[in-house]
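First comes the structure, then the notes that go with it.
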Amino acid sequence: MTAFTAPKGVPEYFPPRSRAFVDVRAHLARPAELAGYAYIELPVFEDTALYVRSVGESTDVVSKEMYTFEDRGGRSITLRPEGTAGVMRSVVENRLDKGQLPVKLWYAGPFFRAERPQHGRYRQLQQVGVEAIGSDDPALDAEVIAIGDEAFRSLGLTEYTLHLTSLGCAECRPPYRILLQSFLDGLDLDEATRERAAMNPLRVLDDKRESVQAQLTDAPLMVNHLCDACTRHYDSVREYLRIMNVAWVEAPRMVRGLDYYTRTTFEFTHHLLGAQSGIGGGGRYDGLMASVGGDDLSGIGFGLGTDRTLLACEAEGLTPGSEPHLDAFLVPIGAAAKSKLVSLSAQLRAAGVRNDLAYGDRGLKGAMKAADRSGAPLVVVVGDAEVEADVAQVKTMSTGDQVTVAWPDLITFISLAIERDLT
RNA sequence: GUGACCGUAGUUCAGCGGUAGAGCGUCGCGUUGUGGUCGCGAAUGUCGCGGGUUCGAAUCCCGUCGGUCACCCCA
């Protein structure tokens, strides 16, 4: 039993799984880079009011899941529960929106939500996100969605579904909301659900209980009450998605937990993850910039769950990050050989050849075992005889072939061997 | 936050009232300087933590911490 334990609900990634985590994160970010999104590094805590204003006071995230505390100057600080608000704040504060639009940004890092932990639901969670600000072009909605889809697909994932809907805008949502509310008023609901209906009637639509769902079959749906502009926008988004061969499922009852979403809204869920199946989600947020004090610019973005995506890969039997991470492993026998290989190791690294050395002066047999487990395709063995002859033995692990190479040719020989293997 | 289940070597788990086991992994050996297979051997546990019941607790009870499942929520 160790004296200290990590805080409740916090995942840690250490070898060998940390390699998979890093690889997943890289795959999630790559499609955004390919589409011209630039990286933005933001603070992990912000003024509490930023989240209350943008995410929405009535949301669960703000009302009961935030890590909020007072700092030494008496300011109310909150550990970021999501990424979009901080990006908006930074864009406005640093006037990134005063140049060419849209502003396209991506970020990655930890977020914090004080929920009851579960497999895939963590108090410190990792996300990779993108935001495209300053354009309401539906092709941009489609681009963002396609980037998310490509991120998952590039990892080899297949057991996921893209859910898509439109949540309407400031014009058409309020009247729909009233319509839905009056429908829900006529239903037989328990106290907690009734309260939710009053707070956010949309939320009731995706209640998982059958007793509730049975009563909802005739509920009015937002997609049937969109204004003309929203209908055109949504139709257009879907047309672009078709052009890009992105498959989706219409999800007219989908609800998102953050209040700022408007129009296009989407979610990626994975079938093998149980209750915490959401691996990514996002949407358009046309009033958000103005609400944090900026110009009234529209925007769209998503957050992809790095932790859950890794879990999804594991559930599908995928092994991200399992490629060998070394090119060569160096095995010295005796002090003279050790000095030569310590020097060689540094030279190889400077030449871009990834390598490790058998430390601890263990026997050749044990050192070879370590070499095998390192995954390095090449092993360099040097003992007294080789030092004497100014050569090294270079063994190709996959075939067992071993050749003697003159010491001055070694770096070139190894570099070429690796290059040949890669092509 | 609500309800339920679980917590034993590095790891996966068995043991379920009489003073702790297996597979995998780790390390060593199978003669002098070569891994992966095979054979042989070894090391490692305050049985999550605290209290209680008992002659005796990893085993029963309570609390606590942590994890997991569902709800809720969402990445």
Side-chain angles (χ1 to χ4, degrees), chain A residues 1-11 14-16 24 28 55 59-65 81-84 108-129 148 152 190 192-193 195-196 200 203-204 206-212 254-258 267-270 273-282 302-312 329 331-334 337 358 360 362-386 393-402:
Chain A
M1 196 52 208
T2 47
F4 293 105
T5 56
K8 184 187 176 98
V10 172
F14 41 83
V24 165
L28 293 182
V55 176
T59 61
D60 283 30
V61 169
V62 168
S63 63
K64 46 193 186 199
E65 295 172 2
E82 58 95 52
T84 305
F111 297 87
F112 305 87
R113 259 118 91 161
E115 298 183 274
R116 177 123 162 210
Q118 214 170 300
H119 195 59
R121 181 162 82 179
Y122 304 115
R123 292 186 166 190
Q124 175 172 318
L125 55 116
Q126 297 278 344
Q127 284 189 8
V128 172
F152 296 127
D190 60 279
T193 311
E195 267 174 44
R196 237 183 311 149
N200 185 349
R203 191 67 52 79
V204 180
D206 71 347
D207 194 303
K208 288 180 186 172
R209 293 168 297 181
E210 292 221 356
S211 59
V212 177
M254 179 173 65
V255 184
R256 310 241 62 234
L258 315 176
E267 205 167 86
F268 293 91
T269 61
H270 195 273
L273 290 187
Q276 308 307 320
S277 62
I279 53 174
F302 65 56
L304 309 181
T306 314
D307 312 277
R308 286 186 186 176
T309 302
L310 172 55
L311 258 17
F329 195 88
V331 175
I333 315 157
R362 53 201 306 196
L364 179 58
K365 201 182 176 81
M368 285 307 292
K369 209 168 178 180
D372 184 47
R373 267 183 307 241
S374 78
L378 291 178
V379 175
V380 178
V381 180
V382 175
D384 290 339
E386 285 77 16
Q393 304 292 338
V394 179
K395 182 167 186 170
T396 302
M397 292 300 266
S398 58
T399 60
D401 295 341
Q402 185 166 302

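Residue numbers start from 1 in every chain, and the chains themselves are labelled A, B, ... in the order their sequence lines are given, proteins ahead of strands. Everything numeric in this text was worked out from a predicted model, so none of it was measured.
- One interatomic measurement links the two molecules: CD of E195(A) to P of U2(B), which rounds to 16 Å at whole-angstrom precision.
- In this structure, K369(A) atom NZ and G30(B) atom P are separated by 13 Å, rounded to whole Å.
- In a base pair of the Watson-Crick type (N1 to N3 plus N6-O4 or O6-N4) or a G-U wobble (N1-O2 and O6-N3), with each distance short of 3.5 Å, C38(B) is matched with G30(B).
- From Q124(A), atom CD reaches atom NZ of K8(A) across 16.0 Å, with rounding to the nearest 0.5 Å.
- For C29(B) and A43(B), the C1' atoms lie 15 Å apart once the distance is rounded to whole Å.
- The same atom, P, is picked in G45(B) and in U11(B); the two are 14 Å apart, to the nearest Å.
- Taking the P atom of each, C47(B) and A4(B) are spaced 28 Å apart, rounded to whole Å.
- Inter-residue side-chain proximity for H270(A) and R308(A) is flagged as unmet; no heavy-atom pair is nearer than 4.5 Å.
- Nucleotides G15(B) and G48(B) place their P atoms 15 Å apart, quoted to the nearest Å.
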N/O-N/O pairs, protein side and nucleotides 8-11 of chain B side, under 3.5 Å:
none

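- Residues meeting the ring pair (Phe, Tyr, Trp, His ring centres under 6.0 Å) test with Y122(A), sequence neighbours left out: none.
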Set out, line by line, the N/O atom pairs under 3.5 Å between protein and nucleotides 63-66 of chain B.
unit_1: G66(B); atom_1: OP2; unit_2: K8(A); atom_2: NZ; d: 3.4

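- In terms of modelled atom types and a separation under 3.5 Å, the side chain of T309(A) and the main chain of G305(A) share a donor-acceptor contact.
- Within the shown strands, nothing qualifies as a pairing partner of U44(B) under the Watson-Crick or G-U definition with both distances less than 3.5 Å.
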Protein and nucleotides 31-34 of chain B: nitrogen or oxygen contacts under 3.5 angstrom:
unit_1: G33(B); atom_1: O6; unit_2: A385(A); atom_2: N; d: 3.0
unit_1: G33(B); atom_1: O6; unit_2: E386(A); atom_2: OE1; d: 3.4
unit_1: G33(B); atom_1: N1; unit_2: E386(A); atom_2: OE1; d: 2.7
unit_1: G33(B); atom_1: N1; unit_2: E386(A); atom_2: OE2; d: 3.0
unit_1: G33(B); atom_1: N2; unit_2: E386(A); atom_2: OE2; d: 2.9
unit_1: U34(B); atom_1: O2'; unit_2: K395(A); atom_2: NZ; d: 3.0
unit_1: U34(B); atom_1: O2; unit_2: K395(A); atom_2: NZ; d: 3.3
unit_1: U34(B); atom_1: N3; unit_2: Q402(A); atom_2: OE1; d: 2.9
unit_1: U34(B); atom_1: N3; unit_2: Q402(A); atom_2: NE2; d: 3.3
unit_1: U34(B); atom_1: O4; unit_2: Q402(A); atom_2: NE2; d: 2.6

Task: Base-contact (B) and sugar-phosphate-only (S) positions in nucleotides 69-75 of chain B, heavy-atom cut-off under 4.0 Å, - elsewhere - done: BBBBBBB
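- Every residue two or more places apart in sequence or in another chain that forms a side chain to side chain donor-acceptor pair (under 3.5 Å) with T399(A) is listed here: D401(A).
- Judged by Watson-Crick or G-U wobble contacts below 3.5 Å, the nucleotide G56(B) has no partner.
- Between A20(B) and G25(B), the distance separating the two P atoms is 27 Å to the nearest Å.
- For E386(A), the side chain to side chain donor-acceptor pair (under 3.5 Å) partners are Q393(A), not counting sequence neighbours.
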TODO: Let me have a per-nucleotide readout for nucleotides 37-42 of chain B, 5' to 3', with B, S or -, counting only protein heavy atoms under 4.0 Å.
DONE: ------
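- Atom name C1', nucleotides C69(B) and U37(B): the rounded distance is 41 Å, in whole Å.
- Not a single side chain to side chain donor-acceptor pair (under 3.5 Å) links T306(A) to another residue, sequence neighbours left out.
- Going from the P atom of C61(B) to that of G66(B) covers 22 Å, rounded to whole Å.
- The closest donor-acceptor contact from the side chain of R113(A) to the backbone of P81(A) lies under 3.5 Å.
- Pairs engaging residues 362-382 of chain A under the salt bridge (charged side-chain N to carboxylate O under 4.0 Å, His left out) rule: none recorded [sequence neighbours left out].
- Sorted by first and then second residue, the pairs that involve residues 116-125 of chain A and meet salt bridge (charged side-chain N to carboxylate O under 4.0 Å, His left out), not counting sequence neighbours, are E115(A)-R121(A).
- A58(B) and C16(B) are spaced 8 Å apart, taking the C1' atom of each and rounding to whole Å.
- Every salt bridge (charged side-chain N to carboxylate O under 4.0 Å, His left out) that D190(A) has, sequence neighbours left out, goes to R209(A).
- Contact of D372(A) with G36(B) (side chain to base): no donor-acceptor pair of N or O atoms is detected under 3.5 Å.
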TODO: Verify side chain to side chain contact (heavy atoms under 4.5 Å, CB included) between V24(A) and V128(A), making sure each step is shown before the conclusion.
DONE: CA-CA 10 Å; V24(A) 165; V128(A) 172; over 6 Å; no
